[in-house]
Number of protein chains: 2
Amino acid sequence: MLSQTAEYALRTVLYLAARQGDELHRVSEIAEDLDIPQNYLSKTLHLLARAGVLTSSRGKHGGFRLSKPPSKITLAEVVAPFDGPTGARICLLGRVACSDKDPCPAHGRWKSVSNEVSTFFRETKVSDLLESPVARVKRA
Amino acid sequence: MLSQTAEYALRTVLYLAARQGDELHRVSEIAEDLDIPQNYLSKTLHLLARAGVLTSSRGKHGGFRLSKPPSKITLAEVVAPFDGPTGARICLLGRVACSDKDPCPAHGRWKSVSNEVSTFFRETKVSDLLESPVARVKRA
DNA sequence: GATAAACATCATACGACGATGATAATTTAA
DNA sequence: TTAAATTATCATCGTCGTATGATGTTTATC
């Protein structure tokens, strides 16, 4: 469903949100805890910072943190820089013009499903996923 | 949502279903009508035949046709050889073990959305998409 | 300043997907 | 039996996502 990169981004944002202070977290720390390739994550987080989701600090004692509270960050925001507008490409058959007025054969039935997906990403906040009992898992 | 190849497969199946006789249709004809690269479509349809969705005949006057009536073919069947079990990879965060008993942070909220997607592919029949646009959709 | 720690960036590589072109294999029909 | 039409298959290619390693740039501390 999500690209590998978007999944890395989302997992990192949840990781930071669960440690909610304003402290900076090093890429090396995040990469190790979440088992993600460090250099690749570095590039990914840089893009997330450019997108306004994270704030980065360079130099010794640098790192990344959320740029705003988890209740103000939607999943769509986190994922968009990598996967584009998730679920927004409505037409299942790839037609460029596919609308209620000019529908493809799948339009009527697919539309409602597609809408639910995009609504999920657009309306779910990072904070909504924190209440979960098992937010933090350290892997072996 | 679907890979390009899966989309080709689905469009071809709908094309054949709309011309529902038992007549064979040449790849060259389908490729031109649907604007799909011919050689690539050839490989794709071959796989669809191996999957039991189509029947192929070689030689002069050969071609492809559906191997069973459109009401017996689900979208999941058409798409599976290319995209795998659609929507079945439930965990949004890519965890291999993610279940009701051992849920990731997104599990609770993502599960219902994910289920709707996979249900759509599993239960929608090719024939459901033939009764053109805006037929009644029974969803609540 | 000098050094070390951290993010930023560059170059490269690998595989999968999408695509193209050529050739083989099969069947029909003259 | 030969020719033509058609699917089946093979070889190759370009692009993109993912990943690795090395190098640059910034900052804190001594």
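Throughout, protein chains are lettered first and strands after them, A, B, ... in sequence-line order, and every chain is numbered starting at 1.
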Whole angstrom is fine here: how far is it from CG in A:Leu54 over to C1' in C:dC7? 13 Å
From B:Phe120 atom CZ to A:Ser114 atom OG, the distance as rounded to the nearest 0.5 Å: 9.5 Å
For residues A:Leu93 and B:Tyr8, determine if any side-chain heavy atom of one lies less than 4.5 Å from a side-chain heavy atom of the other. no
Check: A:Ser3 main-chain N/O paired with A:Asp83 side-chain donor or acceptor under 3.5 Å: yes
Is there a donor-acceptor pair under 3.5 Å between the side chain of A:Ser67 and the backbone N or O of A:Gly52? yes
B:Leu129 and A:Arg109: side-chain contact (heavy atoms from CB on, under 4.5 Å), yes or no, with the steps? CA-CA 8 Å; B:Leu129 303 185; A:Arg109 291 171 177 261; 3.9 Å; yes
Over how many whole Å does the gap from A:Arg65 atom CZ to C:dA6 atom P extend? 17 Å
Output yes when a side-chain donor or acceptor of A:Trp110 lies under 3.5 Å from a complementary backbone atom of A:Cys91, and no otherwise. no
Any side-chain heavy atom of A:Arg19 within less than 4.5 Å of one from A:His25? yes
Would you mind reading off the distance between A:Leu48 atom CG and C:dC7 atom P, rounded to a whole angstrom? 14 Å
Rounded to whole Å, how long is the line connecting atom CG of B:Leu41 with atom C1' of D:dA8? 14 Å
Nearest whole angstrom, please: distance from the P of D:dT20 to the CG of A:Asp35. 10 Å
Using a cut-off of 4.0 Å between protein heavy atoms and nucleotide atoms, how would you tag nucleotides 8-19 of chain C 5' to 3' with B, S and -? SB--------BB
salt_bridge(B:Arg26, B:Glu32) N-O dist < 4.0 Å: no
Salt bridge check: are B:Glu77 and B:Lys68 linked by an N-O gap of less than 4.0 Å? yes
Could you go through B:Arg95 and B:Asp102, starting from their C-alpha distance and side-chain angles, then the distance that decides it, and tell me whether this counts as side-chain contact (heavy atoms from CB on, under 4.5 Å)? CA-CA 10 Å; B:Arg95 281 181 30 179; B:Asp102 181 17; 3.1 Å; yes
To the nearest angstrom, how far is B:Arg26 atom CZ from C:dT27 atom P? 19 Å
Scan nucleotides 2-4 of chain C against the protein and return all N/O pairs shorter than 3.5 Å with their distances rounded to 0.1 Å.
none

When the axes are fitted on five pairs at both termini, how much does the helix from C:dG1-D:dC30 to C:dA30-D:dT1 curve, in 10° steps? 10°
Interatomic distance, A:Leu24 CG vs D:dA28 P [rounded to whole Å]: 11 Å
May I ask you to establish whether A:Arg11 and A:Tyr15 are in a cation-pi arrangement, using a distance under 6.0 Å from NZ or CZ to the six-membered ring centre and at most 45° from the ring axis? no
Need one value for A:Gly62: base, sugar-phosphate or nothing, where a base atom within 4.0 Å counts as base even if backbone is also close, heavy atoms only. sugar-phosphate
